[in-house]
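First the proteins, then the strands, lettered A, B, ... as listed; each starts at 1.
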2 protein chains.
Amino acid sequence: MTDLPHHGSSDHAAVLGARHNELRARYETFRAKGLRLDITRGKPSSEQLDLSAAMLSLPGRDDYLSADGWDCRNYFGSVQGLPEARALLSGLVGAPPERMIVAGNSSLALMHDAILWALVHGMPGGRPWRDVRFLCPVPGYDRHFAILEGLGIAMVPVPLTGAGPDMDAVERLVADPSVKGMWCVPKYSNPTAETYSAASVERLAKMKAAPDFRIFWDNAYAVHHLTDARPELANLLDACARHGNPDRAFVFASTSKITFGGGGLGMLATSKANLDWYLGHMTRRTIGPDKLNQLRHVRFFRDPDGIARHMEAQRRLLVPRFAAVYERFDALLGGTGTATWNRPDGGYFVNLDVMDGCATRVVALAKDLGIAMVPAGRTFPYGKDPRDRNLRIAPTCLAVEEVRAAAEGVALCVLLAASERIGKVD
Amino acid sequence: MTDLPHHGSSDHAAVLGARHNELRARYETFRAKGLRLDITRGKPSSEQLDLSAAMLSLPGRDDYLSADGWDCRNYFGSVQGLPEARALLSGLVGAPPERMIVAGNSSLALMHDAILWALVHGMPGGRPWRDVRFLCPVPGYDRHFAILEGLGIAMVPVPLTGAGPDMDAVERLVADPSVKGMWCVPKYSNPTAETYSAASVERLAKMKAAPDFRIFWDNAYAVHHLTDARPELANLLDACARHGNPDRAFVFASTSKITFGGGGLGMLATSKANLDWYLGHMTRRTIGPDKLNQLRHVRFFRDPDGIARHMEAQRRLLVPRFAAVYERFDALLGGTGTATWNRPDGGYFVNLDVMDGCATRVVALAKDLGIAMVPAGRTFPYGKDPRDRNLRIAPTCLAVEEVRAAAEGVALCVLLAASERIGKVD
């Protein structure tokens, strides 16, 4: 189950023992620095946030009318959000403005509410969900799993392949009508950074499933490029419509990792039937979203090109941080066989797979170094990584030199954990 | 059932007929003006919103750190909201900052979520609510009723008395353990403007009820004074704790009618057990509220005195609008016996009771005059006013002269509807 062969000879054991002592010494030297580094969550750095500094004094005291002449300081209109905000952001969800909602500061809340309303009311035309299951491509986003766990919805892990989930497994599982939902982060997936292939999207749209089965397509990293690769993500809503399953998908996005963390705009797009269903329940919950924050975003970006330019500037800040991780991992872990990691084309994370059974130990060792990592297992439903090997590195928020130090510390922990493990195997 | 006696003589019929023809002529003259006036919803006027104009460029590009030194532009901390925002607003809910949540732009959403989570999870220590009922003091707030109707929760109307609900009825009804909730707008109630008496609050806190019965105390108009009367509202949370029912109440408030409609801050306060329960579910729904809008409010008001001064300025704008209603109603309806109305000490509405069976007709007649009123019955559960007499006038949003015109138009409709009705009686 490990990436390393077993070693039986006592000579080899002596070599390993020496190696282990050397690693332990380097680890103690690092620990003596007394660093405090947090690589747990995908948070933007101060420099990224500074790029949106002008928003902090927008829209400005005399600027509060929408394009339609409504006073955004007051209650008015639909819960669907400002038309110009929807026009600005429709590219993030791949749907026309009339088929989307721009809401408050949390796209997670939009996902939560859709699932909760399905439990209580049923999806359009369906009965309330009872004893239902969700497919969860793994590794995935812990907050997606937490929503389901909180609501008592059973989670079925499905492995990711590098081009989306194992579609043979998905098609087999989804044939069971108790499977009512599936999480997807289809572009620069959290944490593997893979983008679902056109073939995966096509099969998701086409496969046989319960009429009230829904794909929760969290396109959180739609414009968060790190390289020039820019893989294209096929349009799931269009594919579902083409295959006669128009109501299969809810698409979500957010500007929280474009402008301000928790101060952005959450949004969703879906079919007409789903949209009417969602708006019907949403209208009972709230009079409407904060239109001033929507206007603020419209004034700041002006148009989708404004968002693209902004994300280019963010990319210039992020690339050296990711490079610092690769440099340290290459130098310390390259060729050791103790870990594999990716070089993402986008998103917020480096996905790190260590030797089987070592992830928990790596996190504990890192903690002693003053490096806060997300607990091992968090990228899996119920916090249980069956191989205890997957870790997620969030390098965005620290300064470049801090990222370099954190990556070095993590690499030392990976090596030390592997060394301990091999010692046990011997 | 009407406020007017029956009249049987043919002389009297002739007088009434002449009066009716005169009213009809005045009505047609009014209609010929082709006005378009909306008195449906409790919206602030532009002048009120202008008082908060400085907020539109706050917090300012270099101002984003919380008192604790956190960057409010980023994800951080608890879903409970900025400590300084809670300190600023705790007076609105009558609880210490550590026992409250300052959230997003909608207090209605906080109420909705508490009820929905009780249906799905149960209140702390209780089982999920099934086949439950809510007491609804009437007339009341249509959006409260809409939440319950949407969730299939049965509503039991209870009459208001001028000092809160009929407490004998409440105590009798709440003894049934299927009664799990009760709506209250305890200060300047929407629409009757009454403030619950200390005795009412005491009985609500003390009465016997199911352990998972909750009072939803929507203190929407806590600081919205119109006169110097300023009736004191007793602290329900304290009273519940004193009577051994510490978890009985959720208290809600909002700054949407203090700063910007739909651009303010919603909040709740409750017991420790309820708060932990709420935060537990909220944490799965969202990473946190928009802290920048919280910081914006903190910078704008600075302290509770800032809110009080702000509301004084709003009062100066509102008083002439309410006075215009009283002046026209006094002049046209006074002494006719066709209607009664209040002169609220606070809040956003004039409560108008017309002759039984006439409210629907008044709204229809007003519509023909170009005056948009909330449909009759909306202040009752299921939209059904058993006497078809209650109407809600929202004078805040129009200019004073427009309010005067709208009040005159409504008064004409009240008289005309009464005249039609009396004609039928004869």
What part of B:Leu295 gets within 4.5 angstrom of chain A, counting heavy atoms only: side chain, backbone, both, or neither?
neither
Does a side chain donor of either A:Ser106 or B:Thr286 reach within less than 3.5 Å of an acceptor in the other side chain?
yes
Output the option from B:Gly263, B:Cys397, B:Ala146, B:Gly150 having the highest count of non-hydrogen pairs under 4.5 Å with chain A.
B:Gly150
So for B:Asp290, is it side chain, backbone, both, or neither that comes closer than 4.5 Å to the heavy atoms of chain A?
both
Identify which of B:Ile115, B:Asn293, B:Thr259, B:Leu116 forms the greatest number of heavy-atom pairs closer than 4.5 Å to chain A.
B:Leu116
Count the heavy atoms of every other residue, nucleotide or ligand shown that sit under 6.0 Å from CG of B:Asp131, and state whether that count exceeds 12.
no
Among B:Tyr75, B:Phe260, B:Trp117, single out the residue with the greatest number of heavy-atom pairs under 4.5 Å to chain A.
B:Tyr75
To the nearest 0.5 angstrom, please state how far the CG atom of B:Leu108 sits from the OG1 atom of A:Thr283.
11.0 Å
What's the spacing between A:His112 NE2 and B:Asp113 CG if we round to 0.5 Å?
7.0 Å
Using a strict cut-off of less than 4.0 Å between a Lys/Arg side-chain nitrogen and an Asp/Glu carboxylate oxygen, indicate whether B:Arg73 and A:Asp50 qualify as a salt bridge.
yes
Under 4.5 Å from any heavy atom of chain A - which part of B:Arg41
neither
Atom pair CZ/NE2 of A:Arg284 and B:His144 - distance to nearest 0.5 Å:
15.0 Å
Given a strict heavy-atom distance threshold of 4.5 Å, which part of B:Ser107 is in contact with chain A: side chain, backbone, both, or neither?
neither
Is it true that a side-chain atom of A:Asn74 and a backbone atom of B:Pro44 form a donor plus acceptor pair closer than 3.5 Å?
yes
Sub-4.5 Å side-chain heavy-atom contact between A:Ser57 and B:Leu58
no
Please report the interatomic distance CZ(A:Arg143) to CD1(B:Ile287), rounded to the nearest 0.5 Å.
4.0 Å
Does any heavy atom of chain A fall under 4.5 Å from the side chain of B:Leu292, the backbone, both, or neither of them?
side chain
Based on non-hydrogen pairs under 4.5 Å, which of B:His121, B:Met55, B:Lys291 is most in contact with chain A?
B:His121
Among B:Gly42, B:Ser256, B:Cys72, B:Ser45, which residue forms the greatest number of heavy-atom pairs with chain A at distances under 4.5 Å?
B:Ser256
Heavy-atom pair count under 4.5 Å with chain B, highest-scoring of A:Gly104, A:Gly288, A:Pro59:
A:Pro59
Among A:His281, A:Arg296, A:Met111, A:Gln48, single out the residue with the greatest number of heavy-atom pairs under 4.5 Å to chain B.
A:Arg296
